[in-house]
Amino acid sequence: MRKPIPNTVMHSYPGMVALVTVTYNGKSNIMAAGWHSYISFDPPMYGVAIGRERYTFDLVKDAGGFAINFVPYKKAAFIQETGVFTGENFDKFDHGKISYDNGLTINAPILHDAYVAYECKTVDINTYGDHDWFVGDITQCYRDDALFLENGLPDFSKLEIPLYLGRSQYARLDHKSTVNTYSIR
C-alpha cells in the first residue's frame, strides 16, 4: 500500500537518455542526461538539466550551444559510461570509439550513431536546486529516415531504443516489446 515517505521518490524512469555534446575552446565532451525535454514546437526549443559540478556544465555555458543526440540500444554501455566518467582528463569519444561531425550551425559533435540529433543555440539558463536548466533554440535537426516509418514514428523492426530504468540498467524497446497503442479521434 502507498504511504508517505521522508525522501523524494524521483520516479521519472523508465525514460530516454540524451547524449549532450559540446565543443568549446578546442575541447569536446559528451555526457548522458536523463532530465531533458522539448519545450516548444514553434519555435523549436529543447532543454536539458546539467549539474553544476559536471565538467560539461562550464563547456556548455561558455560555448553558447550544445547538441542533443539519441543513439540506439547497442550503445547503452557507452551511454552509461558517458554519465559515469568525467571528460576533464578522459576522452570519452576515443574510449567509446565514437565518430562524429561538427554541427552545421553550432560547433558541437553530431554523433554518426545518432538516429536523431539537434543542434541547440543556448537562449536561456536558469538555476533550479542542484542543476541548471539550459534552454536552446533548435537550429538544425538530423534524423536517419531509414529507421522511421512514413508517419514519423520509429520503425521498431529496424531501431532498438534504450530506456533507462535507473541503477545503471537499460531496457530495449523494439519490435518484440509489447506496445499497446490506441488513437483518440
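Along the sequence shown, residues carry numbers from 1.
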**OP:** In plain terms, say whether K121 and D137 are close enough for a salt bridge, that is, a side-chain N and a carboxylate O under 4.0 Å apart.
**Re:** no
Subject >> Atom pair CD (E88) and CZ (R54), whose distance is rounded to the nearest 0.5 Å >> reply: 12.5 Å
Original post:
For the hydrophobic clusters of this structure (ILVMFWY residues joined by side-chain heavy atoms under 4.5 Å, transitively), does one cluster hold both M16 and Y142?
Top reply: no
**OP:** Ignoring hydrogens and angles, state whether a donor on the side chain of N69 or T21 is under 3.5 Å from an acceptor on the partner side chain.
**Re:** yes
Subject >> CD-CD1 distance between E119 and I106, expressed to the nearest 0.5 angstrom >> reply: 5.0 Å
Original post:
Going from CG on D155 to NE2 on H175, what distance comes out if it is rounded to the nearest 0.5 angstrom?
Top reply: 10.0 Å
**OP:** Please name the pair of heavy atoms, one in V123 and one in M45, separated by the smallest distance, quoted to 0.1 Å.
**Re:** CG2-CE, 3.6 Å
**OP:** Evaluate the side-chain proximity of F93 to S28: yes if any heavy-atom separation is below 4.5 Å, no if none is.
**Re:** yes
**OP:** Report yes or no: does Y128 contribute a side-chain atom to a donor-acceptor pair with the main-chain N or O of D132 at less than 3.5 Å?
**Re:** no
**OP:** Any chance you could lay out the side-chain contact (heavy atoms from CB on, under 4.5 Å) test for Y100 and I110, step after step, and finish with the verdict?
**Re:** CA-CA 5 Å; Y100 60 87; I110 306 300; 5.6 Å; no
Subject >> Heavy-atom side-chain contact between K27 and Y55 under 4.5 Å >> reply: yes
**OP:** Name the orientation class of the two ring planes belonging to F85 and F90 (parallel below 30°, tilted from 30 to 60°, perpendicular beyond 60°).
**Re:** tilted
Original post:
Backbone N or O of G136 within a donor-acceptor pair of the T122 side chain at under 3.5 Å?
Top reply: no
Original post:
Quick one: are V20 and I30 in side-chain contact, heavy atoms under 4.5 Å?
Top reply: no
Original post:
Side-chain contact, heavy-atom cut-off 4.5 Å: I161 with P154?
Top reply: yes
Original post:
Any chance CD of E150 has more than 12 other-residue heavy atoms, nucleotides or ligands included, within less than 6.0 Å?
Top reply: no
Original post:
Salt-bridged, K176 to D174, with N to O below 4.0 Å?
Top reply: no
**OP:** Please report the closest heavy-atom contact between D124 and N126, naming both atoms and the distance.
**Re:** OD2-ND2, 2.9 Å
Subject >> Test item: I50 and V60 side chains (from C-beta on) under 4.5 Å apart, heavy atoms >> reply: yes
**OP:** Tell me, with the steps shown, if H95 and E81 meet side-chain contact (heavy atoms from CB on, under 4.5 Å).
**Re:** CA-CA 10 Å; H95 172 76; E81 289 173 348; 3.2 Å; yes
Original post:
Side chains of C120 and T139: closer than 4.5 Å at any heavy-atom pair?
Top reply: no
Original post:
Of all heavy-atom pairs between Q80 and S168, which one has the smallest distance, and what is that distance?
Top reply: NE2-OG, 2.9 Å
Subject >> Non-hydrogen atoms of N107 and T23 that approach each other most closely >> reply: O-CB, 3.2 Å
Original post:
What about I125 and L59, same hydrophobic cluster or not, with Ile/Leu/Val/Met/Phe/Trp/Tyr joined at side-chain heavy-atom distances under 4.5 Å?
Top reply: yes
**OP:** Report whether V135 and Y118 are members of the same hydrophobic cluster (ILVMFWY, side-chain heavy atoms less than 4.5 Å apart, transitive linking).
**Re:** no
Original post:
Do the side chains of W35 and V17 join up, straight or via other hydrophobic residues, at under 4.5 Å, putting them in one cluster?
Top reply: yes
Original post:
When you look at I98 and F78, which way does the side-chain contact (heavy atoms from CB on, under 4.5 Å) test go after all the steps?
Top reply: CA-CA 9 Å; I98 299 297; F78 178 70; 3.3 Å; yes
**OP:** Would you name the heavy atoms of A33 and A49 that are closest together and state the gap between them?
**Re:** CB-O, 4.5 Å
**OP:** For the pair Y115 and F148, name the ring-plane relationship: parallel under 30°, tilted 30 to 60°, perpendicular over 60°.
**Re:** tilted
**OP:** Give a yes or no on whether the backbone of I68 and the side-chain of H36 come within a donor-acceptor separation of less than 3.5 Å.
**Re:** no
Original post:
Which pair of non-hydrogen atoms, one from L19 and one from A32, has the smallest distance, and what is that distance?
Top reply: CD2-CA, 3.9 Å
Original post:
Is I138 linked to F70 within one hydrophobic cluster, defined over Ile, Leu, Val, Met, Phe, Trp and Tyr using a side-chain heavy-atom separation of less than 4.5 Å?
Top reply: yes
Original post:
Under 4.5 Å between any side-chain heavy atoms of Y170 and I79, yes or no?
Top reply: yes
**OP:** Kindly indicate, with the supporting measurements, whether the criterion side-chain contact (heavy atoms from CB on, under 4.5 Å) is fulfilled by F134 and K61.
**Re:** CA-CA 8 Å; F134 288 80; K61 188 172 182 181; 4.1 Å; yes
**OP:** Taking only Lys NZ, Arg NE, NH1 and NH2, and the carboxylate oxygens of Asp or Glu, determine whether R52 and D130 approach each other closer than 4.0 Å.
**Re:** no
Subject >> Atom pair CZ (R172) and CZ (F156), whose distance is rounded to the nearest 0.5 Å >> reply: 13.0 Å
Original post:
Would you say the side chain of E160 lies within less than 4.5 Å of the side chain of P72, judging by non-hydrogen atoms?
Top reply: no
**OP:** Look up atom OG in S157 and atom CG in L147, then write down how far apart they are to the nearest 0.5 Å.
**Re:** 9.5 Å
**OP:** Rounded to the nearest 0.5 Å, what's the gap from CD1 on I39 to OH on Y46? Could you check?
**Re:** 9.0 Å
